[in-house]
Number of protein chains: 2
Amino acid sequence: MNLKELSSRLGLSPTTVSRALGGYPEVNAETRARVTEAAARYNYRPNKRAQALATGKSFNIGHVLSTRNKDELVNPIFGDFIGGLTERSAASGYSLSLTLTEVDAEEAMFRKLKSEGAVDGIVLQSPRTNDNRIALMHDIGLPFVVHGRASDIEAPYAWVDVNNRRAFERATAFLIDLGHRRIGLVNGDERMDFAARRRSGYQDALRQVDLQPDETIMRAGPMTEDNGHAAVAQMLSMDNPPTGFVVSSITLAIGARRAIQEAGLVMGRDVSVVAYDDDLSYLSNRQDVPVFTAVRSSVREAGQKIADMLIRQINATSTAPDRELLEAELVVGTSTGPVV
Amino acid sequence: MNLKELSSRLGLSPTTVSRALGGYPEVNAETRARVTEAAARYNYRPNKRAQALATGKSFNIGHVLSTRNKDELVNPIFGDFIGGLTERSAASGYSLSLTLTEVDAEEAMFRKLKSEGAVDGIVLQSPRTNDNRIALMHDIGLPFVVHGRASDIEAPYAWVDVNNRRAFERATAFLIDLGHRRIGLVNGDERMDFAARRRSGYQDALRQVDLQPDETIMRAGPMTEDNGHAAVAQMLSMDNPPTGFVVSSITLAIGARRAIQEAGLVMGRDVSVVAYDDDLSYLSNRQDVPVFTAVRSSVREAGQKIADMLIRQINATSTAPDRELLEAELVVGTSTGPVV
DNA sequence: CACCGCATCCAAAGCGTTTTGGATAGCTCT
DNA sequence: AGAGCTATCCAAAACGCTTTGGATGCGGTG
């Protein structure tokens, strides 16, 4: 059932039917009722492909996953982030179009998406410090919103980010308030902008109480359980081990807990841990009393905001790019305690 | 730059240019060279929307996420699965189109995707036993491949699945061989087909050595760290606690480990755990000696196979639906040992 | 030499919408 | 009564491609 067929059955022109369904004013109320009734009866839906060609919009928002090599980690927050994105874009009739590319072919992929007209806008994730994709997107001229920010980029662009610096400042200060003076950091890859910001928040908190940040108790790397375990195990075996740790994800924290237990210590008593909690649905830290003391901000919610923002930008003629800074919430769990 | 523009610059008709780029034979080799050169120079790419309309194909494969409620878990294997899917579909020029819907609106969504011509085929995930979506897809007439199977459905359909029954039979038998006689099960939601199959594999292994399956040491529920912890903690506190556990995911196993440690026991010595390992990239169990003894099958690889299979099915005229049963591999880690 | 087959190209007709630019009729005003 | 609106509808163009159904010219054949 297509427009022509439907309109001929109704004895109307395609124009009128299209307008009736599109909600345009220049159609008689009675006719509109007839049309909508018939459309429902015949289960007519405008063909997306034709609609896309006629309107010049694809009703797709794009997200490209780029891998350095085939085995590279899928981002653990990916699922929840996509969930949030999809949730809101679906509500506006957009669907999310995923493509995958190797990192060298990333630029070509973005240009392709643009010249093919495959997407109306793009969501960028995990910016590195001074990420070149932002300039690229400006050059290409496709609406985009960044999940996170890239330091050192002056040109305005739309983003949604968590106040990572502040979150880690608070996490660290929380441990300091409990009497901890030697606090280790287990961070994500610090070429990522969020990780760099977290580190600076951590250092700021230390300096505020005249503690000298110590490079030997800072680690950065992929945020796997393994790495959390390795980093903490290694730091605990030092001569002057930390009594507290600030770690960049729940997964790392789980590894940290394992290392602490293996060292014959008790987390929350002998060693404290504060985690960054993305509020991932498959790694809940939302018990009545959370297992981990954490600074929490929902990545799913960020996805929702980003989708809304991007769609607004697509439909807007020309406004200054939106930006939104989310604050992480501190939740106190059982993984922290006063220094012994 | 579009086809008309490009062809007029070349002094050729759109037909010839289209054919030259499309690789059709009826075009002079020299002309083809000129055309491809010019296309590259002007960075011409056929507009996907127009191409879609003209060919009647969208070059999208669809995947719909349906939630029972807004807070429902995002499936933890989602990220890796999507990764595998995207990886292979991108290679064939397809992109993955995600939409989200509430479970009541699921049927309407599938019908919508069909009538709008938004996708060329669909990937179904997490079938429940006797899943009604399969009959629905047949009715709608859209190519589809299922990740997993649905018992009790006789009509042929394409699927890729792991031999879950066998995997759990082997996992259980492995513990039995180590001398364990009281073996607990921590399963996923048994309305899911895979979980039902795992349970039957577990029970079969017990019966093969004349052990009577005991309902009191079987648990089923969402596969979170929390639930793994709760289930194992509770079973360990029983009068006649299990000495070994078979659990349905690494996340559950991490929770199990926590419960074991809290009980003052040592995993791999006092209590053994065999996990099902989806080989998720953010929860690696691939150390030199894996932490968890596990039956492992890569969900990412399943995604790849599904994408290939679906694209084959889209382009095929009419063949019997493919199906592929993957076997999980048993890897021995440190979480198991002979019964004490 | 007339005819045929082949290689190479093109004009035009879709594909199913939206949108532009009227057309028509009825009504109000002056 | 004629001009000017307004409400309602429609024909046709446009979106940018693919594909059908020829055209054209050339070399080889009988």
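In what follows, chains carry the letters A, B, and so on, assigned in the order in which the sequence lines appear, proteins first and then strands, with residues in each chain numbered from 1. Worth knowing before you read on, the calculation uses all heavy atoms, side chains too, and leaves out hydrogens, waters and symmetry mates.
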Counting only side-chain N and O atoms of A:Y24, is one of them less than 4.0 Å from OP1 or OP2 of C:dT19?
yes
Decide if the gap between the ring center of B:Y157 and the ring center of B:H138 is smaller than 6.0 angstrom.
no
Within the structure, does a side-chain N or O atom of B:Q51 lie under 4.0 Å from either OP1 or OP2 of D:dT18?
yes
Interatomic distance, B:K57 NZ vs D:dT19 P [rounded to whole Å]:
10 Å
Calculate the interatomic distance between B:L10 atom CG and C:dC9 atom C1'; express it in whole Å.
14 Å
Presence of salt bridge, B:E87 and B:R300, under 4.0 angstrom
yes
Between the side chains of B:D120 and B:K57, is the shortest nitrogen-to-carboxylate-oxygen separation below 4.0 Å, so that they form an ion pair?
no
C:dC10, D:dG16, C:dT17: which one has an atom nearest the side-chain heavy atoms of A:Y44?
C:dT17
Can a donor-acceptor pair under 3.5 Å be found between the side-chain atoms of B:T15 and the base atoms of D:dT19?
yes
Whole-Å distance between C:dA23 C1' and A:L12 CG?
16 Å
Look at A:N47 and C:dT17 and indicate whether a side-chain polar atom (N or O) is within less than 4.0 Å of OP1 or OP2.
no
Would you please confirm or rule out a distance under 4.0 Å between OP1 or OP2 of C:dC10 and any side-chain N or O of B:T16?
yes
Rounded to whole Å, please give me the gap between CD in B:E26 and P in D:dT24.
19 Å
In whole Å, I'd like the distance from the CG atom of B:L3 to the C1' atom of D:dT18.
9 Å
Which residue, B:P14 or A:P46, contacts DNA chain C at a nucleotide closer to its 5' end, judged by nearest heavy atom?
B:P14
Closer than 4.0 Å, any side-chain N/O of A:S18 to the OP1 or OP2 of C:dT18?
yes
B:M1 CE to D:dC15 P, straight-line distance once rounded to whole Å:
15 Å
Considering just the side-chain nitrogens and oxygens of B:N28, establish if one lies under 4.0 Å of OP1 or OP2 belonging to C:dT8.
yes
In whole angstroms, the gap separating P of C:dT18 from NZ of A:K48 amounts to 11 Å
Taking the side chain of A:N2 as its heavy atoms from C-beta onward, which of C:dG16, D:dC9, C:dC10 lies nearest to it?
C:dG16
Among the nucleotides C:dG14, C:dT17, D:dT8, which one has an atom lying closest to any side-chain atom of B:A54?
C:dG14
Whole angstrom is fine here: how far is it from CG in B:L21 over to P in D:dG16?
17 Å
Closest-nucleotide 5' rank along DNA chain C - winner of B:A29 and B:L53
B:A29
Indicate yes or no for a side-chain donor-acceptor contact from B:H147 to the backbone of B:L124 under 3.5 Å, with no hydrogens or angles considered.
no
Okay, side chain of B:T55, backbone of B:Q51: is any donor-acceptor separation there less than 3.5 Å?
yes
Reckon A:R19 touches a base, only the sugar-phosphate, or nothing at all at heavy-atom distances under 4.0 Å?
base
So which atom in A:G121 and which in A:L310 form the shortest heavy-atom distance, rounded to 0.1 Å?
C-CD2, 3.9 Å
